[in-house]
Amino acid sequence: DTGDAQYLDRVKYIVSQLAECQRANGNGYVAAIPNGKEIFGKVARGEIDTAGFGLNGGWSPWYTIHKELAGLIDADQLCGDAQALDVATNLANWVAATTENLSPGQWQKMLVCEYGGMNEALANLYGLTGNQTYLDLAKKFYDDAVLDPLADGRDDLNGKHSNTQIPKIIGAARIYELTGEERYAALAKFFWNAVALHRSFVIGGNGDYEQFFPTNEFAKNLTAQTAETCCTYNMLKLTRHLFEWS
């Protein structure tokens, strides 16, 4: 945005160092996740121990991989760093190899743990490369328990962690843009209406202590922990997608 070359140089340096680490690993994996290789090694074997923010003893590791993929895609798209796209595709190929033997049930068990916008990043990678593998993967990062009710027009959000869900919807919106599959558009529109029009404070934020609460309990949820910034940011991001459709 500024045209200041020091920021571009910093991006290229970070990407080059990620590429060097990726080459050393030899299989496309590159991340600074404590015990990451052990965590994902278990995933590859179908060993999945999960909770809201825990997967095989690690804190939301797919969430972390998403941030890395998204940053690499930005480095390619905003900074013209072709090496970043190479690192991103190598990392996505590792994701495909790591998850290729998971059953649908194992996928759903794994997706209980927050996974950020893995679906969005993989969909964007498909848009850039045309590689069907990435679109297929994006669709596998689909949390049935959260997204199916939304696709059916049901608000089942009370008590759910707000910002765990919003990136899933952004990813669904992006998949719709790339495929034209109406179910993804329907769930994105329904979620936006439910949250923006019925679950948000006047400032545009939502949730309390990072959780969605019943729509008749706004007064008791006006605390110092109301309206996490992540949620406002991601709702604006989702809004941009829906606005562009019309």
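Only a predicted model underlies this, so the values are computations on that prediction, with no experimental measurement involved.
- In plain terms, the two heavy atoms of A121 and I73 that are nearest each other are O-CD1, 3.5 Å.
- Contact detail for H198 and T215: the closest heavy-atom pair is O-CG2, 3.5 Å.
- Shortest non-hydrogen contact noted between I39 and G58 is CD1-CA, 3.5 Å.
- Remark: L238 CG to W192 CH2 distance equals 8.5 Å, nearest 0.5 Å.
- The two atoms that bring A227 and I203 nearest to each other are CB-CD1, 4.1 Å, heavy atoms only.
- To the nearest 0.5 Å, atoms OH (Y184) and OG1 (T179) are separated by 6.5 Å.
- Cluster annotation: V15 is not connected to L8 through the hydrophobic network of ILVMFWY side chains, with a link wherever side-chain heavy atoms come within less than 4.5 Å.
- Under a 3.5 Å cut-off, the side chain of N119 and the backbone N or O of K168 do form a donor-acceptor pair.
- Using a 4.5 Å heavy-atom cutoff, the side chains of L69 and M118 are in contact.
- L157 and L197 fall within a single hydrophobic cluster, where Ile, Leu, Val, Met, Phe, Trp and Tyr are joined by side-chain heavy atoms under 4.5 Å apart, directly or via other members.
- Within the 3.5 Å criterion, the main-chain N or O of D144 finds a donor-acceptor partner in the side chain of Q108.
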Q: Check the pair L147 / I169 against side chain to side chain contact (heavy atoms under 4.5 Å, CB included), numbers first and verdict last.
A: CA-CA 8 Å; L147 299 181; I169 319 303; 3.4 Å; yes
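- In terms of hydrophobic clustering, with Ile, Leu, Val, Met, Phe, Trp and Tyr side chains grouped at heavy-atom distances under 4.5 Å, I48 and V112 are assigned to different clusters.
- Rounded to the nearest 0.5 angstrom, E68 CD and T64 OG1 are separated by 9.0 Å.
- Between the CD atom in Q132 and the OH atom in Y126 there is a gap of 5.0 Å [rounded to 0.5 Å].
- L236 and F243 end up in different hydrophobic clusters when Ile, Leu, Val, Met, Phe, Trp and Tyr side chains are linked at under 4.5 Å.
- No donor-acceptor distance shorter than 3.5 angstrom exists from the side chain of Q22 to the backbone of Y29, with no hydrogens or angles considered.
- Electrostatic pairing of R23 and E20 does not count as a salt bridge here, judged by no charged N lying under 4.0 Å from a carboxylate O.
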Begin with the C-alpha distance, continue with both residues' side-chain angles, and end with the deciding distance and a verdict on side chain to side chain contact (heavy atoms under 4.5 Å, CB included) for R10 and Q6. CA-CA 6 Å; R10 188 65 182 167; Q6 67 174 326; over 6 Å; no
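- Checking Y115, Y134, Y63 one by one against F141, the ring pair (Phe, Tyr, Trp, His ring centres under 6.0 Å) holds for a single residue, Y115.
- Cluster membership for Y7 and Y13, using ILVMFWY side-chain heavy atoms within less than 4.5 angstrom, is not shared.
- Aromatic ring centres of H161 and F53: separated by under 6.0 Å.
- The CD1 atom of I166 sits 8.5 Å away from the CD atom of E228 when rounded to the nearest 0.5 Å.
- Using a 4.5 Å heavy-atom cutoff, the side chains of R199 and M235 are not in contact.
- With respect to the salt-bridge test (charged N to carboxylate O, under 4.0 angstrom), the residues E181 and R183 do not qualify.
- Counting heavy atoms from C-beta outward, M110 and L55 have side chains that approach closer than 4.5 Å.
- Listed for the K160 side chain is no donor-acceptor partner under 3.5 Å among the backbone atoms of Q165.
- A donor-acceptor pair under 3.5 Å is absent between the side-chain atoms of T50 and the main chain of L111, judged by distance alone.
- A donor-acceptor pair is defined here as one N or O able to donate and one able to accept, closer than 3.5 Å; such a pair exists between the side chain of W245 and the backbone of H241.
- Ring planes of F213 and F201: tilted class, angle from 30 to 60°.
- Nearest heavy atoms, A92 versus L125: CB-CD2, 3.4 Å.
- Taking every heavy atom of both residues into account, V30 and N25 meet most closely at CA-ND2, 4.0 Å.
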Evaluate the criterion side chain to side chain contact (heavy atoms under 4.5 Å, CB included) for residue pair D74 and C79; output intermediate values, then yes/no. CA-CA 7 Å; D74 278 351; C79 301; over 6 Å; no
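- Between the N131 side chain and the T133 main chain, a donor and an acceptor come within less than 3.5 Å of each other.
- Remark: side-chain polar atoms of D49 are not paired, donor with acceptor, to backbone N or O of N56 under 3.5 angstrom.
- Taking the six-membered ring where tryptophan is involved, the planes of F191 and F212 are perpendicular, since the angle between them exceeds 60° and thus also 30°.
- Separating the CD1 atom in I170 from the CD1 atom in I175 is a distance of 12.0 Å, to the nearest 0.5 Å.
- Judged purely by atom type and a 3.5 angstrom limit, N101 has no side-chain atom pairing as donor or acceptor with the backbone of G46.
- Between the side chain of D81 and the backbone N or O of Q83, at least one donor-acceptor pair lies under 3.5 Å.
- By the 4.5 Å heavy-atom criterion applied to side chains, F190 and L187 are not counted as neighbours.
- Atom CZ of R240 is surrounded by 12 or fewer heavy atoms from other residues, nucleotides or ligands within 6.0 Å.
- Using a 4.5 Å heavy-atom cutoff, the side chains of W62 and V95 are in contact.
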Quiz item: Is there a side-chain hydrogen bond (donor to acceptor under 3.5 Å, both in side chains) between Y209 and N221 once you walk through the steps?
Solution: CA-CA 9 Å; Y209 285 86; N221 285 283; over 6 Å; no
Notebook entry, point to check: L102 and K140: side chain to side chain contact (heavy atoms under 4.5 Å, CB included), yes or no, with the steps?
Noted result: CA-CA 10 Å; L102 295 183; K140 288 181 178 179; over 6 Å; no
